[in-house]
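This report concerns only the one structure given below.
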Amino acid sequence: MSLNGRQTLTRYLIEERRRFPQASGELNGLILDISLAFKSLARIVSRGPLTDVEMPEAGAVNVQGEVQKPLDVLSNEIFVRMNEWSGHLGGMASEEMDEPCQIPPSYPRGKYLLVFDPLDGSSNIDVNVAVGSIFSILRAPPEVVKTGRDVVEADFLQPGAAQVAAGYAIYGPTTQFVLTVGNGVAVFTLDHDLGEFVLTRQNVQVPEDTQEFAINSSNSRFWEPPVKRYVDECLAGRTGPRGKDFNMRWIASMVAEAHRILMRGGVFMYPRDTKDPARSGRLRLLYEANPLGFVMEQAGGRASTGRQPVLGVKPSELHQRIGLVFGSKNEVERIERYHHEPVAMSVAPAPLFATRSLFRD
Ligand code: AHG
Ligand code: MN
Ligand code: MN
C-alpha cells in the first residue's frame, strides 16, 4: 500500500517542530518511542487474551517454569522498555506501578516525565472489545533536569494544564493514535503494510451538542443529585425538559468512549458518587482524566470533575481518583451548571431543598 500523499506520524511531527526552530526534537523522539510501544501493543492485543503458548494466561507457568505476567503488566513493561533508554525522560509513572519509575543509571536522564495507563479497559480483552493505552507528557521540574536526581511523587503532581502533549491509542477494528501537542488534535491510523501511523484526521472538533450520553447506570443509586437530574432529563426524552430523545452507550473502556465522542460527539460521565466514600471517583486523574481532558479541550470539547475543569485540578497523589465528565461542550457545561445550582424543584420539590440546597459544593 502506498502513502497516496498521506503523512506519516514522523513527517507530521517534523513539520510541527519546524514551527519552533529552537525545539530540540526531544519531544518528537519521545512521541515516536510511545508510538512504537503502541505498535507493539496493537500486535499483542490483536492476538487476544493471554491464552496461547507465547502469552499464557495470568499466573500460568510457561515451559521454562516461569510464571507468566498478565497483559496489564506486560503492557507496562513494554512502555517502560520502549521509553527508558532515550535520554528524553527524567522518570515515568504508571497505573501499574505504585511508585514512580526511575530511569536506570545506565541511561541518560532527560527533561520530560511520562505518565501512562498502559492498558485501559483491560477487562474487555476477554470479550474482544476495543481497549487502549493513554499517555501524558509533563516537564520534569528544573531541579530534576539540573541534578538528574531520582524522581519522586511530588514531581508528577502537576495540573493537567501543564501537559506538553497527551493522547491515546485505541486498539479496535483499526489501531489509531490520537495526539495533541497543544495545537489541536490529530488522528493517525496504523497502516499494517507500512508499519507506520498515517495521518487520517486533523483538527478534530467535538460537536458542541449531542443526543448521546455514556454512564454506568448500575451506579445510579450512588449518584449525586446533579448527575441524577441530568440523566433523568436525558431519559425523559422528547416529552421531558430537554425536549429531545437521547441515546445511551457504555463500553466500559474509557478510551473507546472517548474516541466515539471525539468522532461524533457525546458526553461521558464517571462522576464522583457515594459508592465508596473513601474514593472521590473511579478514574485516575494523572493518567486517565488529564490526558483525555487535554485531548477533549484541544478538540473544542470540555472536561470537568462536574465542579471544575479537570485540567485545573492540582493533584494530591500519584494515583488520585476523580469524578470525570467530558465531551460535547454544551452538555458538560450543563452538567457543571447542575452541580452549582441549588437542587431543582423537579428533583427535590420540598421548599427546604429549593431554597437551602443540601447538595451544593
Ligand atoms: P483500567 O482497565 O485501566 O483499570 O480502566 C477501566 C476503566 C475505564 O476504562 C472504564 O471507563 C471504567 O473502568 C469502567 O468501569 P465500570 O466497570 O465501573 O463500568
Ligand atoms: Mn484505565
Ligand atoms: Mn489500565
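Each ligand, and each atom within it, is numbered from 1 in the order the structure gives. These figures come from a predicted structure and were not determined experimentally.
- Not one N, O or S atom of Glu95 sits under 2.8 Å from the Mn ion (ligand 2).
- Aromatic pair Phe135/Tyr168: ring centres not closer than 6.0 Å.
- Contact annotation: for Arg284 versus ligand 1, heavy atoms closer than 4.0 Å belong to the side chain alone.
- Looking at Asp120 against ligand 1, both its backbone and its side chain come within 4.0 Å, counting heavy atoms.
- Listed by number with element, the atoms of ligand 1 under 4.0 Å from a non-hydrogen atom of Trp250 are 19 (O).
- Salt bridge Glu336/Arg307: absent, no basic N to carboxylate O contact under 4.0 Å.
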Practice problem: Evaluate the criterion salt bridge (Lys or Arg N to Asp or Glu O under 4.0 Å) for residue pair Glu331 and Arg242; output intermediate values, then yes/no. | Solution: CA-CA 11 Å; Glu331 292 301 301; Arg242 300 298 306 273; 2.6 Å; yes
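- The pair Arg282-Glu288 does not meet the salt-bridge criterion, since no charged nitrogen lies less than 4.0 angstrom from a carboxylate oxygen.
- Within ligand 1, counting atoms from 1 as listed, the ones closer than 4.0 Å to a heavy atom of Leu283 are 7 (C), 8 (C).
- The distance from the Mn ion (ligand 3) to the nearest N/O/S atom of Asp117 is under 2.8 Å.
- When the options Met254, Arg282, Glu95 are ranked by their closest heavy atom to atom 13 (O) of ligand 1, first place goes to Arg282.
- Taking the six-membered ring wherever Trp is involved, the centroid distance between the rings of Tyr230 and Trp223 does not fall below 6.0 Å.
- Numbered from 1 in the order shown, with element, the atoms of ligand 1 that lie under 4.0 Å from a heavy atom of Glu288 read 3 (O), 5 (O).
- Proximity to Ser122 (heavy-atom distance under 4.0 Å) selects the following atoms of ligand 1: 2 (O).
- One of the N, O or S atoms belonging to Leu119 lies under 2.8 Å away from the Mn ion (ligand 3).
- Restricting Glu288 to its N, O or S atoms, the one at the least distance from the Mn ion (ligand 2) is OE2.
- Of the protein's heavy atoms, Gly121 N, 2.8 Å lies nearest to atom 2 (O) of ligand 1.
- The contact set between ligand 1 and Asp117, taken as ligand atoms under 4.0 Å from a residue heavy atom, comprises 3 (O).
- In summary, Arg272 and Glu224 engage in a salt bridge, as defined by a charged side-chain N under 4.0 Å from a carboxylate O.
- Applying the 4.0 Å criterion to heavy atoms of Leu119 picks out, from ligand 1, the atoms 2 (O), 3 (O).
- Taking the six-membered ring for Trp and the full ring otherwise, Phe177 and Phe197 have centroids separated by under 6.0 Å.
- Between Phe213 and Trp250, the ring centre distance reaches or exceeds 6.0 Å.
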